[in-house]
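As the structure is a computational prediction, the values presented were derived from the model and not from experiment.
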Amino acid sequence: MNTDVPVTDTTSTRRVRVSPPAEPRRGHLDLGEPEGTADRIEVTSRWIERAGKPWFPITGEIHYSRLPRDRWSEVLGHARAGGLNSVATYVMWQAHEPNPGEFRWDGNRDLRSFIQVAQRHGLDVIVRMGPWAHGEARYGGFPDWLVERGIATRTNDPEYLELARALYAQTVAQLQGLTHAEGGPVIGVQMDNELYDQPQHLATLRTIAEDLGLRVPIWTATGWGGAQVPETLLPLYSAYSDGFWEETTTDWPEFAAFHFRYSEVRDDLTVGKDLREALDGIVLDPDAVPLKDDDALPFATCELGGGMHVAYHRRPLVTAEDVASLALAKVGSGSIWQGYYMYSGGTQRVGAHGTEQESHATGYPNDVPTSTYDFYAPIGEHAQIRPHHHLLRRQHLWLDLDGAAIAAMGTTVGGGSEDPAELRWSVRSDAHRGYVFATTYQPAKRPLEPQPGVQLEIELADETVTVPSRPVDLPAGVSVAWPVRYPLSQDLVLRSATAQLLTRVTDDQGDIVVLAATDGVPVELVLEGEHAVDGPVDFVHEHGRTLVELTAAPGAETVVQVPGARLLVVDEATANRLYRLPVGGVDRLVLSDAPVYALEGGLVLHPDAESADVSLLPAPSALSSTGAEVGAPTTTDLWTTWTVRPPVAGAVNLARSITPESVAAPEPRHGGPLGRLSAPTDFSAAARVTVPVPADAVAGADRALLRITWTGDVGRALVGDTVVSDHFWYGRPWDVDLTPWRDEVVRDGLTLELFPWRKATGVWVDPSVRDVADGTAIASLDVVRVARVELAVE
């Protein structure tokens, strides 16, 4: 990062001189593939290279063994449509060797099949091989029989290495024929997880895997918490906007505030601190300095918080905007690999000892729900599509469009201290073009102020570019990445814009470049040279440039015609509906009211309403479905739109305003090595609510979710005597998937067991919801029916 460049701030204009970034070092890392390898992956000191060009991986964590196998394709399809180019997944030892020597890879344990499904969706795979995983799993994913032997796990103890080798041998066999060198999607593996003081063991794990025949270009380890990572592994970093592992006395962790600023610091010494200290006995020097820019290694992440789990004692309410703003801040800080944990939620497994979640009962500091691992991820536990799936997709489309250039750009971190009145900004540039990043976003617990008169003068190698040409006011709560000298065509350069690049496609009239406006920020486009511009604009020629201002609001039809290209400037609501998908063998823009992904040349739509509009550009000649009504198309100058009506979709209300019987809240209990509040385990005194489910509420839908809008403390849902879901209330509705239990719930109903909220218990919830009254109240019970519609193109 170029942090030593001269920077001058005035009341209205920040000035920065950008130096050409240093050439990357090559060949110094025991990573990558030999020259001559097809689609060769190489790890340099500054970026990851693929087929001779910088490559920007975008990875989301999805746990195959925590999802129903029949949902794999849907979740991976949405992940690809969300702009991911790769997924990561834990191998949970406890799932695969429940008894010594008895390995299982069947059902949703079938790692090989999961990888093949990912490949069909165009996704690469990083396998987090363990042997220890954490992931809020019982004993961190270790099987009980291993723990009971009392051997020195996660070390080079010979007995442990022998058992780990057997697991690795089984895992490597699952990957045979699927590695990148063999033409498959597996590009990398991770050794162990959050191991801080055993670099020799991490190195040994790689040696074992290689001895077993595994060859991949990227070998990684988690680097946060001051971890000692051997030179044979690439350290990856994390960033969360809150943490359930904090104490109830912590209203907002200080580490979280840091991640909303641009910074050269890669490490976070606080993530996993509770486990590091409680389980491993590792206490870092309070004066330890987090790792800053390391000129030998690229800045790569694997755990940007895609949401946040909850524990009984502490239940963060991370928002979609929190996730998206943090992610963009990391790009502005120099990240060349965006990795999210989690990208899809899941459900904790059930083993011989019951549910396999982290708990006080197994010596962990935190009690987490026994069943749900929803994580408020972009894709929920039951494939619900959350708002940040759309917000992140906007970033991912841009990184897909220009990620090769961005990865090779240097980073200059400019303004941005803890002072909420100071503008936070940075520049990524190769000294010829780049991006200006600025943010006024921080979560509501500590919001930032709006910034009047924002303008930066960027001294590139050959000239100075002022962005924007006239100062602009940034409202509070926004994050932007504005292009500087982006090439619209071979002959036309977008000198600057106060709108963000999304993507581009080609139709029979030429290129369409899509930009997204930011609510509250007027759109200015500046072209190099003097040009005629057509569309809803005013433009002037000034100093050899063309300054363009919109005279119409940004939207799905707001097109600016410039020489050799059209600029489609959309508003944020439209941007959140926008996809770029391969449909009928052609990359097209898709606007959809419902979540959608591409499959085998067609589209798969998942509406939860009675109808959904789908618009395509360029349009195919027809869109059809065998299972849904597709209306006659309507056209505008730009889009062709079809209205799709599935046979069964939409919400069915079952009840409103239910007050369960009054019961006493359990007396507070504390447990685990840190003495935190423990979740109740005896539900015999809980209030019970029987929910009748009519047949027509669940029949015919691809997925039927019971959405419980309630307040209370802890709840669980039962079908007969089987607990099918549980929930620690934290301000969001609770979704229960009725799909696997349709016949049973229609026949017998569903039972809810609920404990009341009691403020005096001391559970931490977000300030925005913590004033809830003591007791239990159900505002509504609704069945959300989600359809699956396959759309074919002609």
SB check Glu74 Arg69 (cutoff 4.0 Å):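 Looking at Glu74 and Arg69, the cut-off is not met.
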
Parallel, tilted or perpendicular: ring planes of [X] versus [Y], cut at 30 and 60 degrees:
| X | Y | value |
| --- | --- | --- |
| His96 | Trp105 | parallel |
| Tyr597 | His78 | perpendicular |
| Tyr343 | Tyr340 | tilted |

Test log, rule salt bridge (charged side-chain N to carboxylate O under 4.0 Å, His left out), inputs Arg104 and Asp110: CA-CA 8 Å; Arg104 297 189 60 180; Asp110 191 345; over 6 Å; no

Identified salt bridge (charged side-chain N to carboxylate O under 4.0 Å, His left out) partner of Asp251 from the options Lys445, Arg314, Arg770: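 Exactly one pass, corresponding to Arg770.
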
Passing option when Asp374 is tested against Arg386, Arg732, Arg66 for salt bridge (charged side-chain N to carboxylate O under 4.0 Å, His left out):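 So the option named by the test is Arg386.
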
For this output row, return yes or no: ring centroids of [X] and [Y] closer than 6.0 angstrom.
| X | Y | result |
| --- | --- | --- |
| His309 | Phe728 | no |
| His313 | Trp764 | no |
| Tyr376 | His388 | yes |

Backbone of Arg645 reached by a side-chain donor or acceptor of Glu610 within 3.5 Å: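 Absent.
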
Sidechain-backbone polar pair: Glu744 side chain, Val746 backbone, donor-acceptor under 3.5 Å: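 No; judged by distance alone, with no hydrogens or angles, the pair does not exist.
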
Partner of Arg707 under side-chain hydrogen bond (donor to acceptor under 3.5 Å, both in side chains), chosen from Asn653, Asp782, Asp735: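 The passing option is Asp735.
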
Test applied, side-chain hydrogen bond (donor to acceptor under 3.5 Å, both in side chains); reference residue, Tyr373; option that passes from Arg349, Glu136, Glu381, Gln357: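 Single pass found, and it is Glu136.
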
Lys/Arg cation over aromatic Phe244: Arg315, 6.0 Å, 45° cone: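 No; the conditions do not both hold, so Arg315 does not lie above the ring face of Phe244.
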
Arg393 NZ/CZ over Tyr579 ring centroid, <6.0 Å and within 45° of normal: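 Flagged: Arg393 positioned over aromatic ring of Tyr579.
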
Residue pairs fulfilling ring pair (Phe, Tyr, Trp, His ring centres under 6.0 Å) with at least one residue in residues 645-693, sequence neighbours excluded: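 For residues 645-693, and leaving out neighbouring residues, the ring pair (Phe, Tyr, Trp, His ring centres under 6.0 Å) pairs sorted by first residue read Phe683-Phe755.
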
Glu303 and Tyr240: side chain donor to acceptor below 3.5 Å: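 Yes.
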
Side-chain donor-acceptor contact under 3.5 Å, His121 with Ser73: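 A donor-acceptor contact under 3.5 Å links the two side chains.
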
Evaluation steps, side-chain hydrogen bond (donor to acceptor under 3.5 Å, both in side chains), between Trp734 and Asp726: CA-CA 8 Å; Trp734 167 20; Asp726 66 342; over 6 Å; no

Closest contact, heavy atoms only, Val663 versus Ala686: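 Minimum heavy-atom contact is CG1-C, 4.2 Å.
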
Pair Tyr341-Phe375, ring pair (Phe, Tyr, Trp, His ring centres under 6.0 Å): steps then yes or no: CA-CA 9 Å; Tyr341 191 99; Phe375 218 87; 5.5 Å; yes

